[in-house]
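First the proteins, then the strands, lettered A, B, ... as listed; each starts at 1.
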Number of protein chains: 2
Amino acid sequence: MTTSQVIGIDFGGTSVKLAVVEGETLLTDIHRIPTQEFESPDHLIERISRVVAEIREQHPSVSAIGVGVPGAVNFSTGMTYNLTNVKGWSEVPLRDILAEESGLPTVIDNDANCMAYAEWKFGAARGCSHAVCVTLGTGVGGGLILNNQLFRGANYAAGEIGQMSIDLNGVPGPYGNTGALERYIGNRQITEMAAEIYRQRGEEVPAVHTPEALAEMAGKGDPVALEVWTKVATCLGFSLMSVVYLLNPEAIVIGGGVSEAGALLFDPLKKTLKNSLTAECFDHLRIVPARFGNTAGMIGSSAMASELC
Amino acid sequence: MTTSQVIGIDFGGTSVKLAVVEGETLLTDIHRIPTQEFESPDHLIERISRVVAEIREQHPSVSAIGVGVPGAVNFSTGMTYNLTNVKGWSEVPLRDILAEESGLPTVIDNDANCMAYAEWKFGAARGCSHAVCVTLGTGVGGGLILNNQLFRGANYAAGEIGQMSIDLNGVPGPYGNTGALERYIGNRQITEMAAEIYRQRGEEVPAVHTPEALAEMAGKGDPVALEVWTKVATCLGFSLMSVVYLLNPEAIVIGGGVSEAGALLFDPLKKTLKNSLTAECFDHLRIVPARFGNTAGMIGSSAMASELC
């Protein structure tokens, strides 16, 4: 196991977070750059490079940079595409810009892959040869550990669990992929699902009915909130059932905001999987929450970067 | 590339087929043992061993045995389970029995994995780092080539494309897996689908409406048969769309009897995939027929066995 000190960068839609990371430990506070305050990608990247330089003054032993981004990345070329929520971002060779500015070896991957890598190296999937990692949030992302390595696919596009279909007669998907999981259990869809059920029952829709609020309400026994979580777990469960039949993993690791619903999500999810998988596939399968929350992107990208050292 | 001479055995429900194989070439005629004529697994295996011994008298240079079976196999222990269509077969250590009788190194895997291996080594997936192979027949099987190796999963149960769900509100699956692909496009289901559509239209159901007959009828423009193939392609396409979002392969290889419908199946299948995948995933994806037909099991298992030599 390498123990290099690395700058981990988690490129989020709200803020770009940076910290010095060693293994699974953040050695510094998290520096936050508000993503939306910059007029262009150039200005934002300039600012990131400046923060990287400042951090290195304090931590001269830093030997690499790892970056996780919320969108498509070509892991091999370091080119990033279509970062949602970032004004004017299209094709940006982010890895090479940061590497050139800093003179440090730099690695870049999408945030779901970074999460999977963090969980596999240090978290809930540690020791697994084959694990499926899912992040639940605005969208649904995924990262795969197969045969003891992160599996990226032919065009670095593997792991898109959120785009898998659970219903060929279902709701429209973003790419013509009718029934896309993401369109059932993304944060916004969960909120809409709850509003719809309240209305169908002729009940007033609570002012706040985000996933977090629904988790709290379900904890207090609110029947609509409970119904929402059962539906979310069923949709997720059907998707994961198909993933398990295809990949026969040892573990499914679930992270992201929605996963914080805990037993409300995990109990019906496990039930769905138990009732739809062969004993062969289910009996050896662990279905577990992610260990890392908001730091997974920094820890995972740093772990990838430390392998460059 | 090894060029050993190996006995390839394809253990089918109708007959057990044996031949001497070198690379992709069968060096002998195929010996057929009628599977159903034996009272017990013991008698059948005894007969197989005798044929192996006879073959070796003619081909003393044979240096290993490869076996493909239509059911669950533990690749590591060589134990076979629940071979459908074989009377009294439950847990049988087939690999070790054949190895002991013959004194030859022996390898055993399920038939879909053997097919994938044959196509990857010598056929339509040759040169691919990542390929998804599907066999269409009584059931729907699958085998995965990922990162330049056959991917078997944690319990040697990976690749079960036929058990993936295409509709969480769909028809019952064999293991509680509602919407299982196999229950839409297995041979029997295709035949039933056709009968149902003829009846709905108030037309007489043709005496023979098997997949082969339906392919011929569709070729002549029969609208029901054409509708059947479009539906089959749509169901298969939805399942493969999900597989592609998850694994981002370079190629999808389709074999088995139903695939012989050719353009009737491949044209609407490609259309479904083009209309539901991102350009990133679709543009580099080849969707191709398998090269090997009934010999895939013998060639694939032989290729695995030749690596033992």
Taking side chain as everything from C-beta outward and backbone as N, CA, C, O, which of these in [X] sits under 4.5 Å from a heavy atom of chain B? Side chain, backbone, both or neither.
X	answer
Leu146(A)	both
Ala72(A)	side chain
Thr178(A)	both
Leu277(A)	backbone

For chain B, the option from [options] that forms the most heavy-atom pairs under 4.5 Å:
options	result
Thr278(A), Leu181(A), Val244(A), Thr234(A)	Thr278(A)
Leu247(A), Asn275(A), Leu285(A)	Leu247(A)
Asn147(A), Val243(A), Ile161(A), Asn177(A)	Asn177(A)

query: Taking Ser165(A) as the fixed residue, which of Ser239(B), Ser242(B), Ser165(B) is the one that meets the side-chain contact (heavy atoms from CB on, under 4.5 Å) rule?
result: Ser242(B)

- line: Minimal heavy-atom distance between Ala154(B) and Glu250(A), with the atoms involved, is CB-CG, 3.5 Å

task: Please report the closest heavy-atom contact between Met241(A) and Gln163(B), naming both atoms and the distance.
output: SD-O, 4.0 Å

- prompt: So Tyr175(B) and Tyr245(A), would you call those rings parallel, tilted or perpendicular, with 30° and 60° as cut-offs?
  reply: tilted

query: Does atom CZ of Arg201(A) have more than 12 heavy-atom neighbours, drawn from other residues, nucleotides or ligands, at distances under 6.0 Å?
result: yes

query: Has the side chain of Asn248(A) got a donor or acceptor atom that lies under 3.5 Å from a matching backbone atom of Asn155(B)?
result: yes

message: So for Leu144(B), is it side chain, backbone, both, or neither that comes closer than 4.5 Å to the heavy atoms of chain A?
response: side chain

field: Residue part contacting chain A, namely of Tyr156(B), when any heavy atom lies under 4.5 Å
entry: backbone

- prompt: In Å, rounded to the nearest 0.5 Å, how long is the span from CE of Met164(B) to CD1 of Ile166(A)?
  reply: 12.5 Å

- request: Compare all side-chain heavy atoms of Tyr81(B) with those of Glu280(A) and state whether any distance is below 4.5 angstrom.
  value: no

